[in-house]
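Below is one structure; the comments refer to it alone.
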Amino acid sequence: MAVPHTVQLDLSGRTALVTGGGSGIGRACAVRLAAAGAAVVVVDRNVEAAKEVAALTGGRAEGVDLTEPGAVDRLDPGIDIVVNNAGLQHVAPVEDFPAERFAYIQKVMVEAPFLLVRRALPHMYAAGWGRVINISSVHGLRASAYKSAYVAAKHALEGLSKVVALEAAAHGVTANCINPGYVRTPLVEGQIAAQARSHGIPETEVVERIMLARAAIKRLVEPEEVAELMAYLCTPAASFITGSSLALDGGWTAN
């Protein structure tokens with residue numbers, strides 16, 4: 001589904017950093033920010049994917065594993081917009097969930113966003129303007145079985161976002177979460193295939209019967225839809241929106 005740019009946005013002179021920018025939502029956000037005139041830093045552990053998006057956007061690629069000690073400190077702190085998007089999934093019952101995998105997911109999805117925002121805020125405060133946009137999930141507002149690490153991480157990201165919103169408001173900086181349902185990304189497509197195999201049903205049935213069971217609108221979210229909401233949060237019209245969690249879930253949380 002084609003998603004046109006509808007938000008009028010000029011980010012000329014601004015620098016944006018997008019984690020997990022090599023694919024999916026991160027790629028769509030990087031492309032959208034570049035279209036608005038921002039200089040984009042594409043951060044991804046897959047350096048080739050980061051380079052591809054950087055070439056597409058005229059930005060800069062940073063092949064970084066966000067779990068490595070000191071990795072965030074090697075990134076330029078002169079960032080006006082931080083889009084915390086990098087994430088991963090692991091599905092298992094709590095009693096079988098590998099402890100090291102749980103810890104790794106928290107490092108990528110909670111600790112790294114904290115370190116990135118902590119590093120960028122002094123520059124934002126000095127400029128009197130900044131945007132922290134955390135790509136959370138409907139799972140930051142609701143839980144699903146077998147996703148303890150992901151749900152815990154997204155709930156933690158929600159809390160971090162609200163604290164930043166309170167501390168940064170006086171400096172012209174906002175912090176918000178975007179909470180999509182299932183988005184058409186490589187991460188979700190992998191889950192569809194895995195669940196189809198485990199349940200012995202076609203992939204289309206996985207989407208309709210399992211993933212979209214609680215949504216009123218029965219389709220996946222497009223990455224560009226998330227990116228367009230992200231763009232709106234960067235506009236002057238959105239300057240009073242902070243500490244919020246914006247559901248883009250087709251009615252999932254209306255239940």
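Only a predicted model underlies this, so the values are computations on that prediction, with no experimental measurement involved. Heavy-atom basis, side chains included; hydrogens, waters and symmetry copies ignored.
Separation of atoms CD1 (Ile217) and CG (Asp249) is listed at 8.5 Å; rounding is to 0.5 Å. Interatomic distance, CD1 of Ile81 versus SG of Cys234, reported as 4.0 Å (0.5 Å rounding). To the nearest 0.5 angstrom, Asp80 atom CG is 5.5 Å from Arg14 atom CZ. Once rounded to the nearest 0.5 Å, the distance linking NZ of Lys107 with CG of Leu115 reads 9.0 Å. Between atom CD1 of residue Ile25 and atom CE of residue Met230 there is a gap of 10.5 Å, rounded to the nearest 0.5 Å. Here the CH2 atom belonging to Trp129 is positioned 9.5 Å from the NE2 atom belonging to His123, to the nearest 0.5 angstrom.
Residues Val132 and Val41 share a hydrophobic cluster, clusters being chains of Ile/Leu/Val/Met/Phe/Trp/Tyr side chains in contact below 4.5 Å. A continuous path of hydrophobic side-chain contacts links Leu9 to Val226 [ILVMFWY only; heavy atoms under 4.5 Å]. Both Val164 and Leu75 sit in one connected hydrophobic cluster of ILVMFWY residues. Membership requires side-chain heavy atoms under 4.5 Å apart, directly or through other members. In the hydrophobic clustering of this structure, Trp252 does not group with Val151; members are Ile, Leu, Val, Met, Phe, Trp, Tyr whose side-chain heavy atoms approach within less than 4.5 Å, directly or through other members. Taken together through direct or relayed side-chain contacts under 4.5 Å among Ile, Leu, Val, Met, Phe, Trp and Tyr, Ile135 and Tyr150 form parts of separate hydrophobic clusters.
In terms of heavy-atom proximity, Thr253 sits nearest to Ala247 at OG1-CB, 3.9 Å. What you find for Arg60 and Asp76 is that their closest heavy atoms are NH2-CB, 3.8 Å. Of all the heavy atoms in Ser245 and Leu141, the pair that sits closest is CB-CD2, 4.1 Å. Between Ile105 and Ala153, the shortest heavy-atom contact is CG2-CB, 4.3 Å. For Phe97 against Ser148, the heavy-atom pair with the smallest separation is CD1-OG, 3.4 Å. For the residue pair Ile178 and Pro180, the shortest heavy atom distance occurs at O-CD, 3.2 Å.
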Are Val206 and Ile201 close enough, and set up right, to give a side-chain contact (heavy atoms from CB on, under 4.5 Å), and what steps lead you there?
CA-CA 7 Å; Val206 171; Ile201 60 176; 3.8 Å; yes

Evaluate side-chain contact (heavy atoms from CB on, under 4.5 Å) for Ile241 paired with Tyr232, printing each intermediate quantity in order.
CA-CA 10 Å; Ile241 302 174; Tyr232 178 72; 3.8 Å; yes

Check the pair Lys147 / Gln89 against side-chain contact (heavy atoms from CB on, under 4.5 Å), numbers first and verdict last.
CA-CA 8 Å; Lys147 297 181 178 181; Gln89 181 64 275; 3.5 Å; yes

Show your reasoning for whether side-chain contact (heavy atoms from CB on, under 4.5 Å) applies to Val72 and Leu66.
CA-CA 7 Å; Val72 169; Leu66 293 171; 4.3 Å; yes

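Two residues are said to be in side-chain contact when any heavy atoms from C-beta on lie closer than 4.5 Å; Thr174 and Leu233 fail this criterion. Side-chain contact between Lys154 and Met109 is present, with heavy atoms from C-beta onward closer than 4.5 Å. Side-chain contact between His155 and Ser137: absent, with no pair of heavy atoms (C-beta onward) separated by less than 4.5 Å. At a threshold of 4.5 Å between non-hydrogen side-chain atoms, the residues Pro223 and Arg27 do not count as touching. Between Ile192 and Met211, the closest side-chain pair of non-hydrogen atoms falls below 4.5 Å. Side-chain contact between Leu220 and Glu189 is absent, with no heavy-atom pair separated by less than 4.5 Å.
No more than 12 heavy atoms of other residues, nucleotides or ligands shown are found within 6.0 angstrom of NZ on Lys51. Remark: Arg45 CZ is loosely packed, at most 12 non-hydrogen atoms of other residues, nucleotides or ligands lying under 6.0 Å away.
Glu62 has no carboxylate O lying under 4.0 Å from a charged side-chain N of Arg74, or vice versa, which leaves the two without a salt bridge. At a threshold of 4.0 Å, the pair Glu228-Arg32 counts as salt-bridged, since one of the basic side-chain nitrogens sits closer than that to a carboxylate oxygen. Between Lys162 and Glu158 there is a salt bridge, with a side-chain nitrogen of the basic residue lying less than 4.0 Å from a carboxylate oxygen of the acidic one.
No side-chain donor-acceptor contact under 3.5 Å links Thr15 to the backbone of Ile79. Remark: side-chain polar atoms of Asn179 are paired, donor with acceptor, to backbone N or O of Leu246 under 3.5 angstrom. Side-chain N or O atoms of Asp44 include none that pairs as donor or acceptor with a backbone N or O of Ala49 at under 3.5 Å. A distance-only check finds a donor-acceptor pair linking the side chain of Thr19 to the backbone of Asn85 [under 3.5 Å]. Of the possible donor and acceptor atoms, one in the side chain of Glu225 sits under 3.5 Å from a partner among the backbone N and O of Glu222. Looking at Asn134, its side chain never comes within 3.5 Å of a backbone N or O of Ser136 through a donor-acceptor pair.
Using the six-membered ring where Trp is involved, His139 and Tyr182 have ring planes that are perpendicular, over 60° apart on the 30 and 60° scheme.
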